[in-house]
Amino acid sequence: MQLRTEPFVLNIGPVHPSTHGVFRMRATLDGEVVVDLEPVFGYLHRGIEKLAEERTYGGVIPLTDRLDYVASITNNLAYVLAVEKLAGISVPERAEYIRVITSEMQRIAAHLVSVGSFLNDAGAYFTPFLYMYRERENIVDLFDMLCGQRLLYSYMRIGGVSQDLPDEFLPALRKFIPHMRTRIDEYDWLLKENEILLARAKGVGILPRETAINIGASGPVLRGCGVKWDIRKADPYSVYDRFEFDIPTGIQGDCYDRYRVRVEEMRQSLRIIEQAVEQIPPGEVRSDVPQLVRPPAGEAYAHVEGATGEVGFHVVSDGSIAPYRCHIRAPSLMNLTALKDMIVGWKIQDLILIFGSFAITMGEVDR
Amino acid sequence: MTTALLASEIAKQINESLPGAISEVTDTAIVIKGEFLPDVAAFLKNTAGLDFDYLTTITAVDYYQYFEVVYLFVSMEHNHSLTLKARCSRENPSLPSLVSLWRSADHQEREIYDLMGITFEGHPNMKRIVLWPEFQGHPLRKDYL
Amino acid sequence: MKFERYGIGIAKGMTVTMRNLLRRRITTQYPEQKLTVSRRTRGNELVWNKEKCTGCATCAKTCPQGVIHIVTSVGEENNYNVEVFEVDTGYCISCGLCVEACPYDALFMAYAFELAKYRRSELVLSRDDMLIENKQASAYFRPEVDKDLPEQELLINRKE
Amino acid sequence: MVGPNITVDALRHLAPVAPDWPGNEWWHWLVFTVILIVFILVMVIIFIYLERRIIAWFAARIGPNRTGPFGFFQNIAAALKLLLKEGVNPTNADILIFWLAPIVNFAPVIAVFAVVPFQNGALLADLNVGILFVIAIGSISTIGVFMAGWSSGNKYSMLGAMRMIAAVVSYEIPVVLALAGVVVLAGSLSLNDIVIAQERVPFIVLQPLGFLLLFVGGCAEINRSPFDLMEADSELVAGFHTEYSGIKWAMFFLGEFGEMVVMSTLIATLFLGGWQGPGLPPWLWLLIKIFIVDFIMIWTRATLPRVRIDQLMALAWKFMFPLALVNLIITAIQVLAWPDALPLYVIPINWAITVVLVLLGSKLFKLGWGRVEV
């Protein structure tokens, strides 16, 4: 005998503990199985691209903080690089090193949040999440020392960084590197080989390599599929070509691979910071740039490897003090393109897990 | 280092296989006619030696007289990039969609449609993405106040 | 797919949580215990040095939010008198660009963080609210203030 | 027969041993009912406090520490707050069932304690089918959960309730089989007799596999992490009680932790020797054992991620059910082979069998492929 069943629509979000902000998914379920999914964006749209057209080049920097708010520094850096490229401004050596150090610190901080919330989505009741936040606190402390805020740093400036490192900064950072190393190892003990996590995450939400490239995925999502593509290596900006580091890649592009790639990237970031701290030269941190930058008419695209992927700024100038057009390439938005393909057929619990493994930030998706 | 390919050389190649597609060649970018966009894009994607498999970003710029849509292609295999531009008029803002070639165009074209009001023909789901469906106007246009 | 390694991973994880159970907790019980914040704290208020200010209004021009309202009149010695200087901290995003822009080092961020008010109207600071004589300025972009402020308490320096 | 006599055949005790508590007086029922209700409410409050505090410690936090000494009155404050809150009835709710569900969920939890002994003979009703009573009454809570999920008119609640039914129906079987091993060893269904039978050796030593199965299955039945699929804060946003508020929600909360008290007590009674123990008074021993089990439950909750619903089912049917069956058979054979008393060397044999069975079971255990083609 066949019982009559019918699919039903479940709205996941916009206010839901696991949607990492205000994302909404209209999932059509057949029992526990997701048969259709429609992502709905726009609950956090603030029109940053339009706002940027109304501000001076320097005044856009605080706006870029609010894109991916768990990784403000890399957004700052991408924007600043685009304007520098457009206006032909060079940056002092020391500032370049500071940029590298801060963006790698930021990457660790952002990955800690991603990994923590991924494991939280997997159901490990807040423990890994809070461990990760405890370590992130160290980095946030350092950022606080550096630029006086804990989340929205606005630290980069066109032609350098806002201020030099305080005297206590480098000793504290040197102390932090070995501490973080041991802690990453400890957290690998916590859940890396956990049988339940393996059963939940391995083979779940596979993003095939070709699809990943085709949808324009970037960052850990792309590298989790086994594509060795990292802007820091492929198109080195700042002084990344002076450091030795590896690009960790996954094997088959499942949730577990994305999680592992993030953890390995934290280790590599520590390597970069270690080298940069050794090499950092003394000197100026900001080149002589006028208060109101007037780049010549033209356009420039600059990209950096942010925590979620390739953060790019396409800045068009008409020669005035404000950008004519400032387009933001949001990696999270692009990564979500294949969300439906990856989730359909899995259960609702996998939906949460797969979505969590993207580690999106809604500020960046909706802008 | 991702090398930006010389626009003039690529333009030459495009001209050979698709004569009449190019309307203008600048130092950094190739401007093509809108109706040739899918052909040129397919050419760029499938030609050996170019192999642009990664569509990094799509931007639309409002230049008052016309809209310009900027495509930035990257080839992961050869690590080179190319900027392609297509223009459309303000009266009839529409361009062919590239979703069938690169799915990364999906959300970006929807976003451009939403904020700039350019319709992409052939897009499977041409709806507003960040604004709500009843919204009037397209905010990123320069004449939107 | 199967359960791999017969529960060894689970056992490992249990040891880690147990180790953390015995570890010292880093939580600061806020109203009773307070951490010393960074010297460069960007408090959501501005501190103003009346003597140094020339009334050039660069800060108002730089402010991305446009929250600085400044009205000047021409004084006797061909200088500007600052008649009105108001900051609506309710809209301030604490970016610090005004402080950096000030060509005469007359503007400072505040070294304060307990700035909650009961009404929005109280968030608008008039010029007398911001005088440097009454408020501690932060060392943000003003390294000369550094020595007046206590050293930041870092988590990394705490005992485990 | 070699080796000392380590288990006591419970039948021996049926007639003579004088209970420590006058179980036949008329006031016994009254007094014990009051004691039990107070005991459960106090235990639930202690359990909630411990849960919040210990899980906070595991997660590098401090936990509630403001209200009263060490934050102990936090739960009382929370309970008062819940009592004063408005009870919201959703528009789509089936009001009668919606109101009944918390009661149906909570009442059986108290009823179960009627058969738990705190001392020799110190129990409300020394039923000769004690374990059956526990299982039968304990399962009624599930109906309350399903009533809640169904009547709320909320899809999340419905999903949570469906998962709950599926989990409880599946896990009842390995749990009962694991309990059957104990029953076979003790030779009685009465909890009091089972405790008396553990006079020399608690059954965890004799029945490690049974303990493991009961612990895991118990966690799944009372939806503790890693099997808390019915609540799943990160997925179903509290599952079946999403729509509940105020005192009705508090009833669910009480029921949930009451079930935890029941399960801890059951494990402590059946496997850790109940009130048996040297030195301290018997009821204190029982409490200590309950808290040890509770601590382990909190510890697993703090560490482990959640399993998926099909994995939950697979674990019950493909892993625990065969193991429980084998365990029961082996126990039965042992009891038949040594009908008077088990020799000492049974203990290492049983441990070895456990290790081999668990390894073999894990080796053979395959999860279904997670993706369904649609």
Side-chain angles (χ1 to χ4, degrees), chain A residues 38-47 49-53 209-218 222 227-229 231 233-237 241 298-301 303 310-316 318 324-341 365-367, chain B residues 1-4 26-29 45 52-64 67-77 79-81 83 85 99-108 110-112 114-116 125 127-133 135 138-142 144-145:
Chain A
E38 186 196 352
V40 183
F41 303 91
Y43 290 92
L44 203 61
H45 179 61
R46 293 149 298 171
E49 292 183 9
K50 186 75 178 174
L51 284 172
E53 291 175 14
R209 197 192 147 98
E210 288 72 33
T211 319
I213 296 174
N214 197 267
I215 64 159
S218 52
L222 181 67
V227 184
K228 232 180 164 66
W229 181 262
I231 311 292
K233 284 269 192 205
D235 188 11
Y237 50 93
D241 42 355
E299 55 193 283
Y301 175 78
H303 51 185
E310 177 184 346
V311 185
F313 276 79
H314 190 111
V315 182
V316 182
D318 59 349
Y324 185 76
R325 173 89 170 88
C326 174
H327 174 74
I328 301 151
R329 183 205 191 271
S332 295
L333 180 71
M334 313 274 274
N335 290 350
L336 285 180
T337 309
L339 188 67
K340 186 185 162 187
D341 309 19
V365 174
D366 291 339
R367 280 159 292 157
Chain B
M1 205 72 184
T2 310
T3 40
T26 64
D27 298 348
T28 52
K45 190 182 179 187
F52 287 103
D53 49 4
Y54 193 81
L55 172 54
T56 306
T57 177
I58 310 177
T59 314
V61 190
D62 181 3
Y63 282 112
Y64 291 104
F67 292 119
E68 187 173 85
V69 181
V70 185
Y71 297 86
L72 183 67
F73 299 110
V74 169
S75 164
M76 285 193 172
E77 201 182 331
N79 202 357
H80 57 218
S81 67
T83 312
K85 291 180 179 177
V99 175
S100 51
L101 288 164
W102 292 276
R103 279 177 63 200
S104 55
D106 185 352
H107 284 169
Q108 304 201 53
R110 270 179 77 185
E111 193 191 330
I112 290 171
D114 190 352
L115 300 176
M116 200 64 103
N125 190 16
K127 288 194 298 193
R128 284 190 183 271
I129 184 166
V130 287
L131 298 171
W132 56 103
F135 190 84
H138 301 285
L140 271 183
R141 288 187 178 183
K142 286 283 173 188
Y144 180 89
L145 292 172

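The structure presented is a predicted model; accordingly, all values stated were derived computationally and were not measured. A, B, ... follow the sequence lines: proteins, then strands. Residue 1 opens every chain.
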**Q.** Side chain to side chain, B:L115 and A:H45, heavy atoms closer than 4.5 Å
**A.**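 Yes, close enough: below the 4.5 Å cut-off.
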Gap between atom [atom2] of [Y] and atom [atom1] of [X] - 0.5 Å precision:
X	Y	atom1	atom2	answer
A:E299	B:T83	CD	OG1	7.5 Å
A:H327	B:E111	NE2	CD	6.0 Å
B:H107	A:T337	NE2	OG1	5.0 Å
A:D341	B:R103	CG	CZ	4.0 Å
A:I213	B:E77	CD1	CD	9.5 Å

Q) Under the side-chain contact (heavy atoms from CB on, under 4.5 Å) criterion, do A:E53 and B:L140 qualify, and how do the steps go? A) CA-CA 9 Å; A:E53 291 175 14; B:L140 271 183; 3.7 Å; yes
Q: For B:N79 and A:A234, indicate whether the former's side chain and the latter's backbone hold a donor-acceptor pair under 3.5 Å.
A: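 Yes; judged by distance alone, with no hydrogens or angles, the pair exists.
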Given heavy-atom pairs under 4.5 angstrom as the criterion, report whether the side chain, backbone, both or neither of [X] touches chain A.
X	value
B:Y63	both
B:L55	backbone
B:V74	side chain
B:L101	backbone

Q.
Please determine whether salt bridge (Lys or Arg N to Asp or Glu O under 4.0 Å) holds for the pair B:D106 and A:K340, giving the CA-CA distance in whole Å, both sets of side-chain angles, and the decisive distance to 0.1 Å.
A. CA-CA 13 Å; B:D106 185 352; A:K340 186 185 162 187; over 6 Å; no
Q | Plane angle bin for A:W229 and B:Y54 - parallel if under 30°, tilted between 30 and 60°, otherwise perpendicular | A |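 Answer is tilted, since the angle falls between 30° and 60°.
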Q: Taking all non-hydrogen atoms of both residues into account, name the closest pair between B:S104 and A:G216 and its distance.
A: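 Answer, listing the atom of B:S104 first, then A:G216: CB-N, 3.5 Å.
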Q | Heavy-atom pair of closest approach, residues A:H314 and B:V70 | A |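 Where A:H314 meets B:V70 most closely, the heavy atoms are CE1-CG1, 3.7 Å.
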Side chain, backbone, both or neither: which part of [X] has a non-hydrogen atom closer than 4.5 Å to chain B?
X	answer
A:L51	neither
A:E49	both
A:T211	side chain
A:Y43	neither
A:V40	neither
A:A217	backbone
A:F41	both

**Q.** Selection from B:T56, B:T28, B:D62 maximising heavy-atom pairs under 4.5 Å formed with chain A
**A.**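 Option with the greatest count: B:T56.
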Q: Show your working on side-chain contact (heavy atoms from CB on, under 4.5 Å) between B:T59 and A:R325 and close with a plain yes or no.
A: CA-CA 9 Å; B:T59 314; A:R325 173 89 170 88; 4.1 Å; yes
**Q.** Residue selection (most heavy-atom pairs with chain B, distance under 4.5 Å) from A:D366, A:V365, A:I215, A:N214
**A.**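 Most heavy-atom pairs within the cutoff with chain B belong to A:N214.
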**Q.** A:R367 vs B:V130, side-chain contact (heavy atoms from CB on, under 4.5 Å): CA-CA, chis, key distance, verdict
**A.** CA-CA 9 Å; A:R367 280 159 292 157; B:V130 287; 5.8 Å; no
Q: Report yes or no: is the cationic atom of A:K50 (NZ for Lys, CZ for Arg) under 6.0 Å from the centre of the six-membered ring of B:Y144, at an angle within 45° of the ring normal?
A: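 No.
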